[in-house]
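Everything on this sheet refers to the single structure shown next.
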Amino acid sequence: MFGRLVAKGKAGIKIMKYNFKEIEAKWQKTWQEQKLYKTPDYPKKDKYYVLVMFPYPSGDIHMGHFRNYIIGDAIARYQKMLGKDVLHPFGWDAFGLPAERAAIQRGLHPAEWTLKNIGISRSTLQKTEISYDWSREIISCNPDYYKWTQWMFLRLFEHGLAYRKKGWVNWCPEDKTVLANEQVVNGACERCHTPVVKKEQEQWYFKITDYADRLADDLDKLKDWPENVKTIQREWIGRSAGAEIDFIIKETGEKLPIFTTRPDTIFGVTYMAIAPESPLLDRLNIEGDFKQRAEAYKQQVLMRSEIDRASTVGEKDGVFTGKYAINPFNGKEIQLWVADYVLAGYGTGAVMAVPAHDSRDFLFAKKYNLPIEVVIQPDKNTKLNLATMEDAYTEYGIMVNSGEFNELVGEDAIMKVTQFAEQKGIGRKKINYKLRDWLISRQRYWGAPIPIIHCPQCGLVAVPDKDIPVILPNVQNFLPKGRSPLADVPEYMNVNCPKCGSTAQRDPDTMDTFVCSSWYYLRYVDPHNDNIPFDKDKASAWLPIDKYIGGISHATGHLMYFRFFYKFLRDIGWLKDDEPALSLFNLGMVMDANGELMSKSAGNVVSPIDLLERRGIDITRLSMFFTAPADRQISWSNDYIVGVEKFITNRFYPIIEFYRGTNPDLKKYFRQMNLDKYEKDIYIKLNQTIKRVNDDYNYMQFNTAISSLMELVRDYESPKISNNDLNDYLILKSILLIAPMAPHLAEEMWQKCGRKDSVFDGNWPDYDKNALQFDLVNIAVQINGKVRGEIQAVRDISEAEVLEKARSEPKVAEYLKGKEIIKKIYVANKLINIVIK
RNA sequence: GCGAAAGUGGCGGAAUUUGGUAGACGCGCUGGACUUAGGAUCCAGUCCUUCGCCGGGUGGGGGUUCAAAUCCCCCCUUUCGCACCA
């Protein structure tokens with residue numbers, strides 16, 4: 001109906017073409033002049049902090065970035081329309097290895113390459129008119145930013161949370177640097193996929209394990225985080241409760257504590273095993289042939305890559321050390337082995353082996369013919385038979401062959417055994433974590449220098465706050481050599497100790513880029529402060545982040561680190577609450593038409609610019625929103641534009657043709673007024689749409705927001721509305737509803753309707769709560785649960801009347817003929833189910 | 001292997017929060033109208049089966065219920081996470 005009116009250009013109505021180029025240019029200019037996106041230092045009204053994870057500038061931005069940013073943008077604009085002060089900043093995670101690779105390959109300095117990419121990306125991004133306050137832009141490789149990254153390091157250092165430790169680390173032979181656990185994926189370097197090898201080195205760590213309990217416990221406070229992210233973090237922290245029990249090395253009497261979650265199996269220990277990398281091994285003084293074999297075994301294990309080790313899970317091997325240990329519970333002597341399946345970094349690097357009740361120990365014992373002793377029975381009537389057992393019995397059960405502990409069961413047994421150990425001083429309760437301390441030093445150039453000086457007299461000395469930033473010196477050669485390129489710059493390395501003045505050396509390493517990204521969201525509240533990293537009052541006014549948008553790939557890395565930093569800064573008085581982000585939203589990735597992830601390395605990057613120029617920013621945005629829910633992965637194809645483009649150019653934009661110039665009061669409700677049937681219906685539809693679209697913005701369901709707007713416009717037939725106020729009211733509210741997703745379009749329509757303010761000026765529409773329901777309802781009639789008919793009735797009709805009406809439906813009557821009604825279920829205004837026999 | 005999430009038309013996806021008329025909205029497709037023509041626009045149709053009624057249908061099988069896409073159990077598939085954590 002409506003469409004025809006437009007197509008035929010009814011007399012007197014001038015058809016307006018949707019000229020996006022003109023419209024978009026016009027509003028971009030106006031908004032820039034108005035400084036529409038300028039955020040105040042302190043929010044004067046309710047605040048909303050929406051943040052999208054800052055990108056690494058590897059080239060130009062692509063469709064994937066574009067999708068991310070328009071999602072944040074729609075939320076920012078929606079919140080602004082709700083009348084809040086919105087902080088929506090942007091910046092660049094600018095340190096990192098690809099810049100060094102580019103330096104090596106193309107002879108560009110990493111800074112040059114990075115800043116050039118930032119320039120290109122920024123210019124693309126600014127063309128997309130995302131509502132960033134660009135005056136707050138940060139670039140993490142600039143000294144005015146990394147000065148404060150170094151400041152963070154110094155605070156951690158003075159609180160004993162940044163420390164050096166020698167240990168077995170993950171080493172990437174390609175990038176020639178160490179990696180954090182979080183950067184090793186399936187035994188390979190996250191970035192270059194080279195198999196990682198173990199090296200023993202002294203490195204810098206942040207003591208994130210001190211925060212393990214809080215990081216785990218506070219996950220419960222994150223009500224609006226996706227469950228899967230919380231699960232991944234919980235498992236990564238890997239808290240497990242058990243006991244530490246002191247075995248004794250027979251020869252020396254030295255204590256050999258081990259961690260176990262199953263103290264109830266203590267009487268079934270038939271051997272012990274030590275990790276090959278464990279320093280314990282050297283202290284054992286293994287002799288003769290045993291020494292040779294143990295050494296050879298250790299070397300062989302160290303040669304194997306992580307991938308190799310992972311692929312042979314299930315195949316266990318090891319060698320006997322010739323040494324014995326004593327079980328403190330029963331005084332039994334047991335063999336001490338070195339075994340690959342024991343991890344040096346977990347617990348104490350040694351285990352008590354209970355083959356009957358642990359699958360790994362079972363395999364190992366079978367392989368080397370070590371004794372197996374059953375000390376747990378599943379229940380009173382079931383007995384484990386050693387001869388026929390094919391695997392260990394690892395469930396809880398009843399203790400047997402365990403002296404005075406016999407007949408104790410499950411958790412109670414564990415508790416009693418642990419208590420006994422505590423009383424005798426041979427053990428204690430213990431909680432262990434899979435989480436390791438965060439290794440943050442890198443032997444590479446393009447990162448924030450570690451602000452520490454190694455003094456032969458004073459040891460590790462912090463660079464005084466007044467001397468930061470420690471500026472990254474200029475270097476010519478970036479080829480990785482296994483040590484930091486900074487080590488070869490004597491002007492940089494040689495300094496005087498700030499404490500004693502004697503000749504000393506700087507720490508040559510740089511920090512992991514994840515350190516930079518652990519606090520960037522704080523700098524945005526006060527990006528130009530030269531004296532402190534951020535103003536405490538500004539931070540407490542804006543934080544926590546209300547909506548944090550990013551990819552799920554950061555679940556165990558960044559999203560753990562930034563929570564750790566936030567808690568630490570709170571502890572030292574810089575912040576007020578526990579968690580940096582109240583709500584986390586996982587974005588769906590954008591794949592190309594073949595289902596491949598768009599990335600620079602895959603070479604299938606599609607720039608949004610071409611599309612934006614041909615179809616317009618708003619049409620492109622709406623198309624992406626409409627294609628799928630924001631958290632779902634999509635394979636982008638320009639075909640997705642067709643429907644939305646038709647909707648906007650043929651349906652939505654032309655509704656302003658029907659505007660009658662009444663400039664209605666948008667706070668007014670029409671429900672109680674004299675409206676005819678059609679007017680009433682469309683008014684109800686409008687209010688249902690307002691409610692739905694509003695909910696959809698809150699649930700990040702932009703696709704259904706657009707479809708309900710399509711429905712509204714489909715049902716809207718201006719000539720049928722005689723109330724001019726209502727007609728204009730509907731048009732203006734529709735414009736507001738689409739504004740967060742299609743800003744230029746909405747602002748243009750708004751202005752064409754004679755409005756002088758901006759759509760974004762706190763104009764979000766409320767719905768008329770009394771106008772969500774039609775007076776007439778359709779009630780489904782079911783016979784035995786199957787829909788057999790439908791009746792129309794006035795709202796809130798009685799059950800008896802519904803039944804009466806249903807019976808008079810011919811089709812329903814047919815079914816009821818000669819049958820007995822056993823039961824009726826009536827769901828008010830919706831459905832009646834008649835059960836017959 | 002362990003853990004988590006998810007399987008709905010030819011396609012993207014609604015409805016799952018609260019069990020209550022499955023397939024909203026859009027693409028594509030089919031037919032028609034207007035046109036010299038149209039990949040423009042409009043109208044009608046489009047889960048399967050059927051001329052129509054009837055019947056069937058949300059990965060497969062079972063169950064709970066007056067009523068199941070939605071809740072429970074088993075199986076299959078896909079995706080993601082963890083990969084010897086004692």
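Here the structure is a predicted model, which is why all the values come from computation and not from measurement. Order of the sequence lines fixes the chain letters, A, B, ..., with proteins taken first and strands second; residue numbering starts at 1 for each chain. Side chains are part of it too, since the values below use all heavy atoms of this structure and drop only hydrogens, waters and symmetry mates.
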Review point. Between C73(B) and A4(B), how far is it from one P atom to the other, in whole Å?
Key: 12 Å
Study note, to complete from the structure: Taken in chain and number order and not counting sequence neighbours, the residues that satisfy side-chain contact (heavy atoms from CB on, under 4.5 Å) with Phe20(A) are Tyr18(A), Glu24(A)
**Study point:** Any N/O donor-acceptor pair, Lys434(A) side-chain to C82(B) base, under 3.5 Å
**Key:** no
Check your understanding: So, do Tyr271(A) and Phe364(A) have ring centers that fall under 6.0 Å from each other?
Key -> yes
Point to revise | Atom P, compared across U49(B) and C11(B): separation rounded to whole Å | key: 15 Å
Exercise for review: Decide, yes or no, whether a salt bridge links Asp220(A) with Lys230(A) under the criterion of side-chain N to carboxylate O below 4.0 Å.
Suggested key: no
Check your understanding: Nearest nucleotide by nearest heavy atom, which residue falls closer to the 5' end of RNA chain B, Asp361(A) or Asn228(A)?
Key -> Asn228(A)
Check your understanding: What integer distance in Å separates Ile274(A):CD1 from C85(B):C1'?
Key -> 18 Å
Exercise for review: Sugar-phosphate means primed atoms, P, OP1 and OP2; the rest is base. With that split, encode nucleotides 20-35 of chain B 5' to 3' as B, S or - using protein heavy atoms under 4.0 Å.
Suggested key: BB--BBSS--------
Review point. Which part of the nucleic acid does Arg239(A) contact within heavy-atom distance under 4.0 Å: base, sugar-phosphate only, or nothing?
Key: nothing
**Study point:** Interatomic distance, Glu190(A) CD vs G81(B) C1' [rounded to whole Å]
**Key:** 14 Å
**Study point:** Euclidean distance for C1', C25(B) against U46(B) (whole angstrom)
**Key:** 15 Å
Check your understanding: Expressed in whole Å, how much space separates the P atoms belonging to C29(B) and G10(B)?
Key -> 16 Å
Check your understanding: Restricting to pairs with a member in residues 700-713 of chain A, which pass side chain to side chain donor-acceptor pair (under 3.5 Å), not counting sequence neighbours?
Key -> Lys685(A)-Glu711(A), Asp696(A)-Thr704(A)
Exercise for review: Would you please confirm or rule out a distance under 4.0 Å between OP1 or OP2 of G7(B) and any side-chain N or O of Arg632(A)?
Suggested key: no
Practice item. Please report, rounded to the nearest Å, how far the C1' atom of A67(B) is from the NZ atom of Lys823(A). Key: 10 Å
Check your understanding: For Val835(A) and Thr627(A), take the nucleotide of RNA chain B holding the closest heavy atom to each; which residue's nucleotide lies nearer the 5' end?
Key -> Thr627(A)
Exercise for review: In whole angstrom, give me the gap between the P atoms of U8(B) and G13(B).
Suggested key: 10 Å
Exercise for review: For G81(B), take OP1 and OP2 only and decide whether either is under 4.0 Å from a side-chain N or O of Thr556(A).
Suggested key: no
Exercise for review: Report yes if a donor N or O on one partner sits less than 3.5 Å from an acceptor N or O on the other, where the partners are the side chain of Arg436(A) and the base of C85(B); otherwise report no.
Suggested key: yes
Point to revise | Strand RNA chain B as a dot-bracket string - pairs counted if Watson-Crick or G-U with both distances under 3.5 Å, | where the partner lies in another strand | key: (((((((..(((.......[....)))((((((.......))))))((......))..(((((..]....))))))))))))....
Practice item. When you get a sec, tell me which of C84(B), A86(B), A14(B) is the closest nucleotide to the side chain of Lys316(A)? Key: C84(B)
Point to revise | Atom-pair distance (CE on Met591(A); P on C80(B)), nearest Å | key: 8 Å
Study note, to complete from the structure: Contacts satisfying salt bridge (Lys or Arg N to Asp or Glu O under 4.0 Å) that involve residues 623-646 of chain A (not counting sequence neighbours) are Arg615(A)-Glu645(A)
Practice item. Taking side-chain contact (heavy atoms from CB on, under 4.5 Å) as the test, write out the residues that go with Val777(A), two or more places apart. Key: Ile779(A), Arg795(A), Asn829(A)
Review point. Counting just side-chain N and O atoms, does Arg360(A) come under 4.0 Å of either OP1 or OP2 of G1(B)?
Key: no
Practice item. Could you give the distance separating G61(B) and C51(B) at their P atoms, to the nearest angstrom? Key: 27 Å
Check your understanding: Does the side chain of Val342(A) come within less than 4.5 Å of Trp337(A)'s, by heavy atoms?
Key -> no
Practice item. Could you work out the separation of C84(B) and C47(B) based on their C1' atoms and round it to a whole Å? Key: 49 Å
**Study point:** Spacing between Phe647(A) atom CZ and C42(B) atom P, to the nearest angstrom
**Key:** 13 Å
Review point. If you measure from the C1' atom in U64(B) to the same atom in G19(B), how many Å do you get, rounded?
Key: 12 Å
**Study point:** Rounded distance in Å - NZ (Lys198(A)) to P (C84(B))
**Key:** 11 Å
**Study point:** Integer-rounded Å distance: A86(B) P and Asp340(A) CG
**Key:** 18 Å
Check your understanding: Phe259(A) vs Tyr346(A) aromatic rings, parallel, tilted or perpendicular, using cut-offs 30° and 60°?
Key -> perpendicular
Point to revise | Partner residues of Ser359(A) under the side-chain contact (heavy atoms from CB on, under 4.5 Å) criterion, sequence neighbours left out | key: Asp391(A), Ala392(A), Thr394(A)
Point to revise | Torsion-based syn/anti label for G9(B), 90° from 0 as limit | key: syn
Exercise for review: Using a heavy-atom cut-off of under 4.0 Å over every strand shown, decide if Val351(A) touches base, sugar-phosphate, or nothing.
Suggested key: base
**Study point:** Phe658(A) and Tyr716(A) aromatic ring geometry - parallel, tilted or perpendicular at 30°/60° bounds
**Key:** perpendicular
Review point. Of all residues at least two apart in sequence or in a different chain, which pass the side-chain contact (heavy atoms from CB on, under 4.5 Å) check with Ile431(A)?
Key: Arg239(A), Ala241(A), Tyr433(A)
Check your understanding: Heavy atoms under 4.0 Å, any strand shown: does Thr261(A) hit a base, just sugar-phosphate, or nothing?
Key -> sugar-phosphate
Point to revise | Nucleotide A86(B), atom C1' - distance to OH of Tyr393(A) in whole Å | key: 18 Å
Revision key, fill the gap. Residue set satisfying side chain to side chain donor-acceptor pair (under 3.5 Å) with Arg563(A), at least two apart, ordered chain then number -> Gln233(A), Glu579(A)
